[in-house]
Amino acid sequence: MLDNKTAALEDQPSPDESGEAKGNASASSSDDKPLKLQVTDLVDDVRKLAEAELEYYRVKLSVNMAATKTVLVLFSVAIILGVTTMVALILGILLILSHYWGPIAATGLLTGGALLLTTVLMSMAIKRARKLPLDENDQ
């Protein structure tokens, strides 16, 4: 009978071991979720991440579109002011030249000069356009 009691005591874990065993059992039971549940959690996390990424890029695009609109408005105003300034310059030159040479000669001289400048700039643009590598097969 004494042997049975000592054998029963030896089979029971010590108080230190029993605390560790209970802690391990509770930790492993929470980590041992079924695979299907783990995959479902993973899919939910991926879906939340994708939604957050989409929202981030929507906000980023709206901010960039607002900045782009501002840049385009400023660029348009600059072009309009530049063209207006060129017209004022041409009219000023025309008025000055018409005082010395008369209106017909001044208009002809200004028109000829503008056409000459346009021809030179167009020929430079055509030369540079021909040098562009548009097709690798043409040599």
Side-chain angles (χ1 to χ4, degrees):
M1 182 150 181
L2 191 58
D3 289 333
N4 288 340
K5 287 183 180 178
T6 57
L9 286 175
E10 288 175 353
D11 289 340
Q12 291 180 349
S14 68
D16 292 337
E17 292 174 355
S18 66
E20 288 177 11
K22 288 179 183 175
N24 289 341
S26 64
S28 64
S29 66
S30 65
D31 289 339
D32 291 340
K33 292 192 263 185
L35 182 61
K36 185 176 180 180
L37 186 59
Q38 288 180 359
V39 170
T40 305
D41 289 345
L42 179 64
V43 169
D44 288 340
D45 289 344
V46 169
R47 185 176 293 127
K48 288 177 185 175
L49 176 66
E51 289 172 359
E53 288 285 329
L54 283 173
E55 186 62 28
Y56 168 74
Y57 284 112
R58 277 190 200 121
V59 170
K60 188 176 179 181
L61 181 64
S62 68
V63 168
N64 286 340
M65 288 301 290
T68 302
K69 287 178 185 177
T70 304
V71 167
L72 287 176
V73 166
L74 291 173
F75 187 70
S76 300
V77 170
I79 286 177
I80 290 170
L81 285 175
V83 168
T84 305
T85 303
M86 293 302 293
V87 168
L89 177 68
I90 290 170
L91 287 176
I93 292 172
L94 185 61
L95 286 173
I96 292 171
L97 290 177
S98 68
H99 180 69
Y100 291 109
W101 290 341
I104 296 175
T107 303
L109 183 64
L110 198 56
T111 304
L115 286 175
L116 179 65
L117 183 61
T118 302
T119 305
V120 169
L121 290 175
M122 284 298 290
S123 67
M124 288 173 57
I126 289 171
K127 284 180 185 177
R128 290 183 186 207
R130 287 184 180 155
K131 291 180 182 178
L132 290 175
L134 297 177
D135 190 13
E136 290 87 25
N137 295 331
D138 294 339
Q139 301 246 341

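Ion pairing between a basic and an acidic side chain is recognised when a charged N comes within 4.0 Å of a carboxylate O; E55 and R58 show such pairing.
Linking ILVMFWY residues whenever their side-chain heavy atoms come closer than 4.5 Å, directly or via other members, leaves I104 and Y100 in distinct clusters. When the side chains of ILVMFWY residues are joined at heavy-atom separations under 4.5 Å, either directly or via intervening members, Y57 and V63 end up in two distinct hydrophobic clusters. W101 is not connected to L91 by any chain of hydrophobic side-chain contacts under 4.5 Å among Ile, Leu, Val, Met, Phe, Trp and Tyr, and they are in different clusters. Note on L95 and L97: separate hydrophobic clusters, where clusters join Ile, Leu, Val, Met, Phe, Trp and Tyr whose side-chain heavy atoms are under 4.5 Å apart, directly or indirectly.
Here the closest non-hydrogen pair linking K33 and Q38 is O-NE2, 3.5 Å.
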Return all side-chain donor-acceptor pairs below 3.5 angstrom for residues 70-88, not counting sequence neighbours, or 'none' if the list is empty.
unit_1 : atom_1 : unit_2 : atom_2 : d
T70    : OG1    : A66    : O      : 3.0
S76    : OG     : L72    : O      : 2.8
T84    : OG1    : I80    : O      : 2.7
T85    : OG1    : L81    : O      : 2.7

Less than 3.5 Å apart, which donor and acceptor atoms pair up between the side chains of residues 121-130 and the rest of the protein, not counting sequence neighbours?
unit_1 : atom_1 : unit_2 : atom_2 : d
S123   : OG     : T119   : O      : 3.4
S123   : OG     : V120   : O      : 2.8

List the atom pairs, donor and acceptor, that lie under 3.5 Å between side-chain atoms in residues 105-114 and the rest of the protein, sequence neighbours left out.
unit_1 : atom_1 : unit_2 : atom_2 : d
T107   : OG1    : P103   : O      : 2.7
T111   : OG1    : T107   : O      : 2.7

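Proximity of L49 to D45: side-chain heavy atoms (C-beta onward) are nowhere separated by under 4.5 Å.
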